Amino acid sequence: QVQLVESGGGLVQAGGSLRLSCAASGRTFSSYTMGWFRQAPGKGREFVATITWSGSGTRYADSVKGRFTISRDNAKNTLYLQMNSLTPSDTAVYYCAADRYGRGGSLLYTHNSDFGSWGQGTQVTVSS
């Protein structure tokens, strides 16, 4: 498994931006498709974005498309989520995750069940 630690969350006004980071350690980071998920109070964990091992492929939830950008730096073992034009509905705990297969390849995953390693989460709060 790979160990994941998120950072970069905080309080921001609506319309503002934040950049989340996820530092990975353990097994080879570049072997994994990575993802970001979020969980708002009283709701289930939902998919936000995913990226292939090379960074060449990405996919986003409709709710964040055009506002959020997922990226990775395999040399630094770090995953990023750039979040722009934030709204109060983006308020949640954000989690990074590594797929449970570790095979590399070009597959993108959007379901919780396809991810086997999770970080502890970082809180993002957007005020109106």
Side-chain angles (χ1 to χ4, degrees):
Q1 284 192 334
V2 60
Q3 289 74 48
L4 304 170
V5 178
E6 302 95 336
S7 62
L11 175 64
V12 63
Q13 289 188 331
S17 298
L18 280 175
R19 188 195 197 199
L20 304 184
S21 298
C22 173
S25 61
R27 296 191 63 184
T28 306
F29 177 66
S30 60
S31 297
Y32 296 89
T33 291
M34 299 295 295
W36 285 100
F37 290 75
R38 66 186 182 185
Q39 187 166 15
K43 297 187 177 181
R45 190 171 299 187
E46 67 171 359
F47 166 74
V48 174
T50 184
I51 187 168
T52 57
W53 74 272
S54 66
S56 62
T58 58
R59 185 174 295 169
Y60 298 90
D62 289 342
S63 59
V64 306
K65 202 172 295 183
R67 300 187 298 122
F68 290 11
T69 302
I70 188 171
S71 62
R72 66 192 296 165
D73 185 336
N74 288 341
K76 296 182 178 179
N77 290 346
T78 304
L79 176 73
Y80 303 99
L81 184 69
Q82 178 67 43
M83 305 186 295
N84 299 328
S85 302
L86 286 162
T87 71
S89 62
D90 295 315
T91 295
V93 177
Y94 283 72
Y95 300 89
C96 68
D99 79 71
R100 66 172 60 253
Y101 313 111
R103 302 169 186 164
S106 60
L107 293 179
L108 291 166
Y109 305 111
T110 62
H111 297 287
N112 292 5
S113 59
D114 285 314
F115 292 85
S117 298
W118 296 83
Q120 82 290 349
T122 186
Q123 177 70 48
V124 172
T125 303
V126 184
S127 63
S128 57

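This one's a predicted model, so the numbers in the text were calculated from it and none came from an experiment.
- With values rounded to the nearest 0.5 angstrom, Arg38 atom CZ is found 13.0 Å from Tyr95 atom OH.
- Counting only heavy atoms from C-beta outward, the side chains of Trp53 and Asn74 approach each other to under 4.5 Å.
- Between Val93 and Gly121, the shortest heavy-atom distance links the atoms CG1-CA, 3.8 Å.
- Inter-residue side-chain proximity for Met34 and Phe29 is flagged as met; some heavy-atom pair is nearer than 4.5 Å.
- At a threshold of 4.5 Å between non-hydrogen side-chain atoms, the residues Val124 and Leu20 count as touching.
- Other residues, nucleotides and ligands place no more than 12 heavy atoms under 6.0 Å from the CD atom of Gln13.
- Checking side-chain atoms of Ser56 against main-chain N and O of Ser54 turns up no donor-acceptor pair under 3.5 Å.
- Remark: Asn112 CG to Arg100 CZ distance equals 10.0 Å, nearest 0.5 Å.
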Expected list for residues 80-88: side-chain donor-acceptor pairs under 3.5 angstrom, two or more places apart:
unit_1: Gln82; atom_1: NE2; unit_2: Asn84; atom_2: OD1; d: 2.9
unit_1: Asn84; atom_1: OD1; unit_2: Ser17; atom_2: OG; d: 2.9
unit_1: Thr87; atom_1: OG1; unit_2: Ser89; atom_2: N; d: 3.4
unit_1: Thr87; atom_1: OG1; unit_2: Ser89; atom_2: OG; d: 2.7
unit_1: Thr87; atom_1: OG1; unit_2: Asp90; atom_2: OD2; d: 3.4

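- The hydrophobic cluster containing Leu4 also contains Trp36, counting ILVMFWY residues as joined when their side-chain heavy atoms lie under 4.5 angstrom apart, directly or transitively.
- Aromatic ring centres of Trp118 and Phe37 lie closer together than 6.0 Å.
- Put simply, Val48 and Tyr60 are part of the same group of oily side chains (I, L, V, M, F, W, Y) that touch within less than 4.5 Å, one to the next.
- In this structure, CZ in Arg19 is found 6.0 Å from OG in Ser71, a value given to the nearest 0.5 Å.
- Side-chain atoms of Arg72 come within 3.5 Å of backbone N or O of Thr52 as a donor-acceptor pair.
- Other residues, nucleotides and ligands contribute at most 12 non-hydrogen atoms within 6.0 Å of the CZ atom of Arg59.
- Proximity of a side-chain donor or acceptor of Thr125 to a complementary backbone N or O of Thr91 within less than 3.5 Å is not detected.
- A continuous path of ILVMFWY side-chain contacts below 4.5 Å connects Tyr101 to Phe115, so both sit in one hydrophobic cluster.
- Each of Asn77, Val5, Leu79 was scored for a side-chain contact (heavy atoms from CB on, under 4.5 Å) with Cys22, with one residue passing: Leu79.
- Residues Leu18 and Gly8 come closest through the heavy atom pair CD2-O, 3.8 Å.
- In this structure, the separation between OG1 on Thr69 and CZ on Arg67 is 11.0 Å, given to the nearest 0.5 Å.
- Atoms OH and CD, from Tyr94 and Glu6 in turn, are 12.5 Å apart once rounded to the nearest 0.5 Å.
- Using a distance-only test at 3.5 Å, with no hydrogens or angles considered, a donor-acceptor pair links the side chain of Thr33 to the main chain of Leu107.
- No chain of hydrophobic side-chain contacts below 4.5 Å, direct or via other Ile, Leu, Val, Met, Phe, Trp or Tyr residues, connects Ile51 to Phe47.
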